[in-house]
Amino acid sequence: MPLRITYEPTSQLPLDFTGIIPDWTRDKSRSEIERLQLLRGRQQVALGDICGVDGDPSDGRIELKGDFSSVHGIGTRMGSGEILIRGNAGTYLGFAMRGGEIHLAGSARDFVGAEMQGGMIRVDDSAGDHVGGARSGSPRGMSGGAILISGDVGDDVGLRMRRGIIAVAGSAGACIGRDMLAGTIVVGGSCGESPGCGMKRGTLCLLSKLPRLLPTFRLGCVAHFPVLQLIDRQLCSWRFPITAVDFRQVFRIWHGDALTLGKGEVFVPECA
Amino acid sequence: MASTTFVDVICSGCGCLCDDVSLEADGDAISTARLSCHLGQQYLSHSTVANGPVAEVDGVSVSLDVAIARTAEILEFSRAPLISGFATSSVESQRCGIGLAERLRATFDPALEDFHRATLVALQSVGLSTCTLGEIRHRADVVLFWGCNPTETHPRLWERFIDPPGRFVPAGRSGRYVVVLSANRSPTADIADEFIQVESENDLGLLATLRGLVQGTTRGSGSNPLLEQRQSLVARLKSAQYAVIFFGSELAAHDRASANLESLFLLVRELNSTGRCVAVGLGGLLAENVLTWQTGYPCGVSFADGHPRYEPLAYAAARLVERNEVDAVLTVGNGVSHLTARAVASLKSLPWAALVASHESLPFTPTVRINIGHPAFHTAGTLFRMDGVPLRTQPVTFTHLPSDTDVLTQISERVTSQCI
């Protein structure tokens, strides 16, 4: 039986949930968890005073129920275990997480999985900007793990991403994979302009129509690419059927961004 | 009353902060002014303050003391206050505002346009070679205006820094080659040597082409007049003794603002490998300098933890108000002009204290309105020009209204003893 936390806020004042992760709750009693001080606005409040807490935390699972759209930093630096959120989440979901799994049965705001190093985040609905990206001023985005988003996402997905995989079943905003160092981003729906600008290495797989690429990308060839089948197999193993696109078909490959290292790859189906 | 003549008065009508204005004032009004730009004229028209109320609470005229007490009460009982604005405020006033935010553990975000905020984010990511306007006047032989129209937004920039001769450009305007790069032909383009029209949504593509040409990774094939035009521009920038790129809000008109600006700053960096190139943003007064030296961050700072925490996007005033993540707002100067319509609608449901110049109109009646003197007419203070040069203003006319610094100090004194 997981630890259950219920939150029904009366206002949208920001609540910082940093610290409530299975790594910490696992060996704590319920009263200790209830006494945990959180920051709501500028005030310190005890978790038990604003949320309902029940269940048993020892199995490393946490279930959050209610409206968490103004709750930020859920799963920050999580190393193991599982968090299930039944509702929407605020910004920085799974920020810098190292392992375990977060499943959001709703939508999230900006910075989902920003700077994450391992583990998996599943979002059943949409997410905001900077998914798997870097915080402002930070040199590296996501450096490991997987982010699977069933809905749409905003701009700058995978900003300065270093490693890992981001799969989006819906559409994506502009500049996906900007300044990407490595890693893989798969987008099932349409995507905004200038994907991969400034990318050094890494793979963008755009399964819908090709948006306007920067002139510093050049067409490589048209062929069957076994690497795409590997990506497809991996996504299927996670039960994330991204689209009806057949990864065994012929794809075009563009190389870029020539302004940086130029070793990035953008795949688009030949028929798109 | 005998009139007094003031020379070298500072005009804060735009980010140029022209400091060569002469005017005559007789007590509480300016009788004669020698100014040549329309923004300056508009700015001077605000120098005379009508004999209106000093303060209002819920639209009812009250004494200053009552209004300050009510503001302190609003902030004191708030669980997540926001302090914003300061777009035309003095350094002294900003310091008071930041001090108050720190005491209240509030969020502080100066009023910034999207363009300005994106500039700060890009500046932090890739850095920028920049300079003062004086340096441009004395050294620049190639001037590129990208996505801006200074003839309308900074009317005297041309007259003061492009036309006159400089130490290393003795011929003045004829010794400089001026290029305008914009989506639409503007009055600035009419007086430039060359106008290059760009597709409004393709600045990033053009920047990539220019950077490719500078690096030598993009090469022309056959006769492509568009590419030849770009090649000629790059050749001019590379061969310049001192090239300047003024950039403006058109670069931030789309959702790729920070990508555009980062790419522009990288272009400047790459041009510096063969010659000398700098870039200057054509904006208003710099409202972020004080916050930067006080906290280390230029905008979007929350003191809720007891220490500064930086989020330039998430702690942007418009976003916080839009999402109802604050429950009280204090604005200084015109702190709502940069808010979105949705944010203004959300603001209606919040207690809002506004410290504004008496001529400013607000979208609706705030909970508390305190009319303050204009920082450049009625009080002495320091303002930052758009290139980061601080200039000291002196009072030229008299007003019965308090300064924003005085009001903020008094609010601060009220909340200090009770709040934290």
**OP:** Work out which heavy atom in Ala258(A) is nearest to a heavy atom in Gln215(B); give both atom names and the distance.
**Re:** O-OE1, 4.0 Å
Original post:
Relative to chain A, which segment of Val214(B) carries a heavy atom at a distance below 4.5 Å: side chain, backbone, both, or neither?
Top reply: neither
**OP:** Would you sort out whether Asp110(A) and Arg319(B) count as a side chain to side chain contact (heavy atoms under 4.5 Å, CB included), showing the intermediate values?
**Re:** CA-CA 12 Å; Asp110(A) 302 342; Arg319(B) 196 174 286 203; 2.6 Å; yes
Original post:
How long is the span from the CD atom in Glu311(B) to the OH atom in Tyr92(A), to the nearest 0.5 Å?
Top reply: 3.0 Å
Subject >> Stepwise side chain to side chain contact (heavy atoms under 4.5 Å, CB included) test for Arg323(B) and Ser69(A) >> reply: CA-CA 10 Å; Arg323(B) 292 178 172 178; Ser69(A) 56; over 6 Å; no
Subject >> Salt-bridge criterion met for Asp16(A) and Arg309(B) (N-O under 4.0 Å) >> reply: yes
Original post:
Charged N to carboxylate O under 4.0 angstrom, Glu325(B) versus Arg40(A)?
Top reply: no
Original post:
Is the CG atom of Asn289(B) crowded by more than 12 outside heavy atoms at less than 6.0 Å?
Top reply: yes
Subject >> Choice from Ala259(B), Ser258(B), Ala80(B) maximising heavy atom contacts with chain A below 4.5 Å >> reply: Ala259(B)
Original post:
If you look at every heavy atom in Thr216(A) and Ala208(B), which pair is closest and at what distance?
Top reply: CG2-O, 3.8 Å
Original post:
Salt-bridged, Arg42(A) to Asp327(B), with N to O below 4.0 Å?
Top reply: no
Subject >> Interface moiety of Leu39(A) toward chain B, non-hydrogen atoms closer than 4.5 Å >> reply: side chain
**OP:** Step by step, work out the side chain to side chain contact (heavy atoms under 4.5 Å, CB included) result for Gln43(A) and Arg105(B).
**Re:** CA-CA 9 Å; Gln43(A) 291 178 320; Arg105(B) 297 194 171 194; over 6 Å; no
Original post:
Please walk me through it: do Leu204(B) and Cys197(A) pass side chain to side chain contact (heavy atoms under 4.5 Å, CB included)?
Top reply: CA-CA 9 Å; Leu204(B) 195 55; Cys197(A) 62; 4.1 Å; yes
**OP:** Among Leu313(B), Val121(B), Asp305(B), Leu320(B), single out the residue with the greatest number of heavy-atom pairs under 4.5 Å to chain A.
**Re:** Asp305(B)
Subject >> Proximity breakdown for Ser136(A) and chain B, heavy-atom pairs closer than 4.5 Å >> reply: both
Subject >> Part of Ser138(A) lying under 4.5 Å from any heavy atom of chain B >> reply: neither
**OP:** Among Asp179(A), Leu213(A), Asp155(A), single out the residue with the greatest number of heavy-atom pairs under 4.5 Å to chain B.
**Re:** Asp155(A)
**OP:** Could you tell me whether the side chain of Leu259(A) reaches within less than 4.5 Å of the side chain of Glu270(B), counting heavy atoms only?
**Re:** no
**OP:** Identify which of Asp129(A), Asp257(A), Leu13(A) forms the greatest number of heavy-atom pairs closer than 4.5 Å to chain B.
**Re:** Leu13(A)
Original post:
Could you state the interatomic distance from OG (Ser194(A)) to CG (Asp203(B)), rounded to the nearest 0.5 Å?
Top reply: 10.0 Å
Subject >> Arg135(A) versus Tyr310(B), closest heavy-atom pair with distance >> reply: NH2-O, 4.2 Å
Original post:
Non-hydrogen atoms of chain A under 4.5 Å away: do they reach the side chain of Ser125(B), the backbone, both or neither?
Top reply: side chain
